[in-house]
Amino acid sequence: MLSNESLHAPAFNRSNSQASIDSASVEDFWREIESINESSIGVQREQPPAEAKPLAEGELEAEWLQDVGLSTLLSGEEEEDGKALLSTLTRTQAAAVQKRYHTYTQTLRRKSKPSVRDVRDVFRVSEAPPDASCDNHTTQIAGTLEEKQLPEVIKARDPVLQEATLNSPTLSNGSQEEQGSFTEPEHGSVPLLEAIPDAPVHSNGAAESGQMVPRALSDADYLEKDIPTEAEELSFEVSYSEMVTEAPKRNKLKKSEIKKEDYALTKFTIQKTRFGHTEAGDLSAEDMKKIRHLSLIELTAFFDAFGIQLKRNKTEKVKGRDNGIFGVPLTVLLDNDHKKDPAVKVPLVLQKFFEKVEESGLESEGIFRLSGCTAKVKQYREELDAKFNTDKFKWDKMCHREAAVMLKAFFRELPASLFPVEYIPAFVALMEGGSHVRVQLQALHLMVMALPDANRDTAQALMTFFNKVIANESKNRMSVWNISTVMAPNLFFSRGKHSDCEELLLASTAAHILRLMLKYQKILWKVPSFLIAQVRRMNEATMLLKKQLPSVKKLLRRKTMEREVTSPKASKVLQKSSSTRRMSDVPDGVIRVHAPLFSKVSMAIQLNSHTRAKDILAKFQFENSHGSSERIKIQNQRLYEVGGNIGQHCLDPDAYVLDVYRVNPHAEWVIKPQPSP
């Protein structure tokens, strides 16, 4: 959040500071800024921050299309992944893509670029402009990859996806995992973006100026006494952007000061379906890449629904160092660490900082407020850069205060901030509009899912560490409020120029985002099921386009027959008759589970509506319980679905396997160790 022009604190008195942030926290904030300024003196950067150049028209849209995995729209090439992605989009997601592609193509036409296709040729749309309302503008699709009924958004209290699914009958609790069905495309007949469903487009303007600055919160706003006694239920089954567009009046931004009760952090419970919950680390790297692309599209559509532009400036790109510790990109650090531990997800040096603070600093008063000994910090920095990767650095001589100081410096000197600072203005606009905490949480959830793997995993480890610090608040005086205020300038930083008031507003918003992360950590790193359903459909579409699964064509013809059946009873019989989906030697409803690390390496399991993943694990434990070592090993094992329409998925122990089987009948089932977080 910091710029060199804002390193000196303006004069604040009690009256004007209350308009934006509590005066005590203002002092903490500017004290941290001064500390950052002092510590940066003499520190050599690989590349100095450059002056921000004016953004060329169309560049923002081009960068966004690349970030969401649709670079083929810029090159004009056609490839399967782009078609598969577009075939899964909801109405609001398709609207977000269409709007930005329209802006991009119009920009190139004004520059007289002859190779650009008209947006109407790609999307098959009418003459209406992309910012027209839902009532007078509908995207027309011809010869699509997927002719599907769009999911009808029900009240968030009891969402039931209405979309027809591929071999996925209604679950016993009344919900379905959203799936789609595909018809075989004709060769040479499907334009790249022709697979987008009907897409009403929503306005996407910047927030209006002159809105009142929200009053920042104090710790009292986050105490249990300020939280409603009854928890609200969250659903992961319905697209967040579809939810908000179904209630435009309720969610419309208001020009009013945010009230304290609007910010009381509500307790939320997650609606658990028969598929269980999925953590970010439970999916394969390839599927998580698709989750990131879909999350960014969904996040953009979510803000579009409020009339807020998600991103107003291009991402700052600064080349980092290739060696050492400080100023080195997270990906480079992890590449070096993988030589020592191939499974590591969080930089080892950062884990050592955590350990040093946890050893003796969790009860140290003001642990992240104090600056430590400047001479020692400088010495340790130099030694870490030179000796850490060769395991020659002596950690026993470092105390917890120096470790805390260098932890902050580690994040502050990354080539790019841990969290995308370019999204902060959008969150400012969302909060200024008086949005409910649920809305802020949904936006933040999508932002976390859109983070690169290294950033997301590191952020999760950091939140876990900070919650340990906060648990000792009575002794270290580091509350949620203190941690978020002190750390916000280090985790959200910008090299652009901002006025002091802008800096303070951006910092207070970043601090609030950190408080949400700390409060809702157990929610934010779970993957929404509606995104997993889209990934499954993407994989199915890709397999069809690449013709890697000829047998799926038979399934598609079968699904077409099922759709023609009007009798619910007859349709149910057809859905249950899934023997053609499995190999001829495996009866319907029976899966063969492989456990290569155990003495009994394979077992056929007859599934029923009550069979959960933990039941299968218990059965293997019983069959392999002859020795104590086998009992110990099974405790670290999980059941995975591998292949079919998912790369790899570590199942929730409470997941009902028959439901997963029906959604992914071509999967293999493997019991193996779960990687450590």
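This chain uses plain numbering: 1 for the first residue, then up along the sequence.
- Remark: side-chain polar atoms of Asp654 are not paired, donor with acceptor, to backbone N or O of Gly276 under 3.5 angstrom.
- In this pair, Tyr240 and His445 present their aromatic rings tilted. The plane angle is within the 30 to 60° band.
- The line from CG of Leu446 to CG of Leu310 is 10.0 Å long, rounded to the nearest 0.5 Å.
- Remark: Lys340 NZ is packed, more than 12 non-hydrogen atoms of other residues, nucleotides or ligands lying under 6.0 Å away.
- Residues passing the side-chain contact (heavy atoms from CB on, under 4.5 Å) test with Cys399 are Arg401, Glu402, sequence neighbours excluded.
- Side-chain N or O atoms of Glu232 include none that pairs as donor or acceptor with a backbone N or O of Thr266 at under 3.5 Å.
- Every side-chain contact (heavy atoms from CB on, under 4.5 Å) that Thr269 has, sequence neighbours left out, goes to Ala231, Glu233.
- Panel note: side chain Thr245, backbone Ala305; no donor-acceptor pair is recorded below 3.5 Å.
- Residues that satisfy the salt bridge (Lys or Arg N to Asp or Glu O under 4.0 Å) test with Asp457, not counting sequence neighbours, are absent from this structure.
- In summary, the aromatic rings of Phe275 and Phe236 are positioned with their centroids too far apart to meet the 6.0 Å limit.
- The existence of a salt bridge linking Lys272 and Asp652 is confirmed by a sub-4.0 Å separation between a basic side-chain nitrogen and an acidic carboxylate oxygen.
- Residues Lys519 and Val480 fail the side-chain proximity criterion, which asks for heavy atoms closer than 4.5 Å.
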Evaluate Val68 against Leu294 for side-chain contact (heavy atoms from CB on, under 4.5 Å), listing each step before the verdict.
CA-CA 7 Å; Val68 300; Leu294 288 166; over 6 Å; no

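- Taking the side chain to side chain donor-acceptor pair (under 3.5 Å) definition, one finds that Thr331 meets it with nothing, sequence neighbours left out.
- We find that Asp453 and Arg456 are joined by a salt bridge, their nearest charged nitrogen and carboxylate oxygen being less than 4.0 Å apart.
- Within the 3.5 Å criterion, the main-chain N or O of Trp395 finds no donor-acceptor partner in the side chain of Lys352.
- For Thr278, the side chain to side chain donor-acceptor pair (under 3.5 Å) partners two or more places apart in sequence, or in a different chain, are His649.
- Proximity of a side-chain donor or acceptor of Arg321 to a complementary backbone N or O of Phe326 within less than 3.5 Å is detected.
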For the pair Phe303 and Val244, evaluate side-chain contact (heavy atoms from CB on, under 4.5 Å) and give the outcome as yes or no after the intermediate values.
CA-CA 10 Å; Phe303 277 100; Val244 298; over 6 Å; no

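- Side-chain contact check for Arg477 versus Ile367: every heavy-atom pair is 4.5 Å or farther apart.
- Scanning all heavy atoms of the two residues, the minimum distance from Gly320 to Pro329 falls at CA-CD, 4.1 Å.
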Step by step, would you call Leu505 with Glu432 a side-chain contact (heavy atoms from CB on, under 4.5 Å)?
CA-CA 11 Å; Leu505 176 59; Glu432 285 180 342; 4.1 Å; yes

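- Looking at Ser239 and Glu298, their side chains do bring a donor and an acceptor atom within 3.5 Å of each other.
- Shown here are the salt bridge (Lys or Arg N to Asp or Glu O under 4.0 Å) partners of Asp341, two or more places apart in sequence or in another chain: there are none.
- With sequence neighbours left out, Glu363 forms a side-chain contact (heavy atoms from CB on, under 4.5 Å) with Asn472, Lys475.
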Please walk me through it: do Leu462 and Leu418 pass side-chain contact (heavy atoms from CB on, under 4.5 Å)?
CA-CA 11 Å; Leu462 185 64; Leu418 182 66; 4.1 Å; yes

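- Minimum interatomic distance between Ala443 and Leu299 (heavy atoms only, all atoms of both residues): O-CD1, 3.4 Å.
- Within the 4.5 Å cutoff, the side chain of Leu651 has no heavy atoms near those of the Asp282 side chain.
- Atom CD of residue Glu279 and atom CD of residue Gln460 lie 7.0 Å apart, to the nearest 0.5 angstrom.
- Using a cutoff of 4.0 Å between basic side-chain nitrogens and carboxylate oxygens, Lys311 and Asp67 are scored as salt-bridged.
- Taking 4.5 Å as the limit, some side-chain heavy atom of Pro420 sits within range of a side-chain heavy atom of Leu451.
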Derivation of the side chain to side chain donor-acceptor pair (under 3.5 Å) call for Ser479 and Asn482:
CA-CA 5 Å; Ser479 65; Asn482 299 136; 2.9 Å; yes

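- In terms of modelled atom types and a separation under 3.5 Å, the side chain of Thr458 and the main chain of Asn455 share no donor-acceptor contact.
- The CG atom of Asn467 lies 5.5 Å from the CD atom of Gln521; values are rounded to the nearest 0.5 Å.
- Evaluation of the ring pair (Phe, Tyr, Trp, His ring centres under 6.0 Å) rule for Phe388 yields no partner, not counting sequence neighbours.
- Residues Arg292 and Ala450 share a closest heavy-atom pair of CD-O, 4.0 Å.
- How far CD1 of Ile523 is from CG of Leu444: 10.5 Å, rounded to the nearest 0.5 Å.
- Contact detail for Arg381 and Ala409: the closest heavy-atom pair is NH1-CB, 3.7 Å.
- Between Phe466 and Met478, every side-chain heavy-atom pair lies at or beyond the 4.5 Å cut-off.
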Using the rule given for ring-ring contact (aromatic ring centres under 6.0 Å, His included), can you reason through Phe427 versus Phe419, listing the C-alpha separation, both sets of side-chain angles and the distance that settles it, and then say yes or no?
CA-CA 13 Å; Phe427 278 91; Phe419 301 113; over 10 Å; no

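- Lys345 and Gly281 get closest at one heavy-atom pair: NZ-CA, 4.0 Å.
- For the pair Arg638/Pro653, a side-chain contact is recorded, criterion being any heavy-atom separation below 4.5 Å from C-beta on.
- In this view, Tyr423 satisfies the ring pair (Phe, Tyr, Trp, His ring centres under 6.0 Å) rule with no residue, not counting sequence neighbours.
- A search for ring pair (Phe, Tyr, Trp, His ring centres under 6.0 Å) contacts involving Phe354 returns Phe465, not counting sequence neighbours.
- Side-chain contact between Leu330 and Val346 is absent, with no heavy-atom pair separated by less than 4.5 Å.
- The distance from the OG atom of Ser417 to the CG atom of Asn490 is 11.0 Å, given to the nearest 0.5 Å.
- A donor-acceptor pair under 3.5 Å links the side-chain atoms of Asn476 to the main chain of Val469, judged by distance alone.
- Among residues at least two apart or in separate chains, salt bridge (Lys or Arg N to Asp or Glu O under 4.0 Å) pairs with a member in residues 462-471 are Glu358-Lys468.
- Atom-to-atom distance recorded for Ile291:CD1 and Met288:CE is 6.0 Å, nearest 0.5 angstrom.
- Smallest separation of non-hydrogen atoms from His512 and Gln440: NE2-OE1, 2.8 Å.
- At a threshold of 4.5 Å between non-hydrogen side-chain atoms, the residues Met463 and Leu514 count as touching.
- Residues forming a side chain to side chain donor-acceptor pair (under 3.5 Å) with Glu383 (at least two apart in sequence, or on another chain): Gln379, Lys397.
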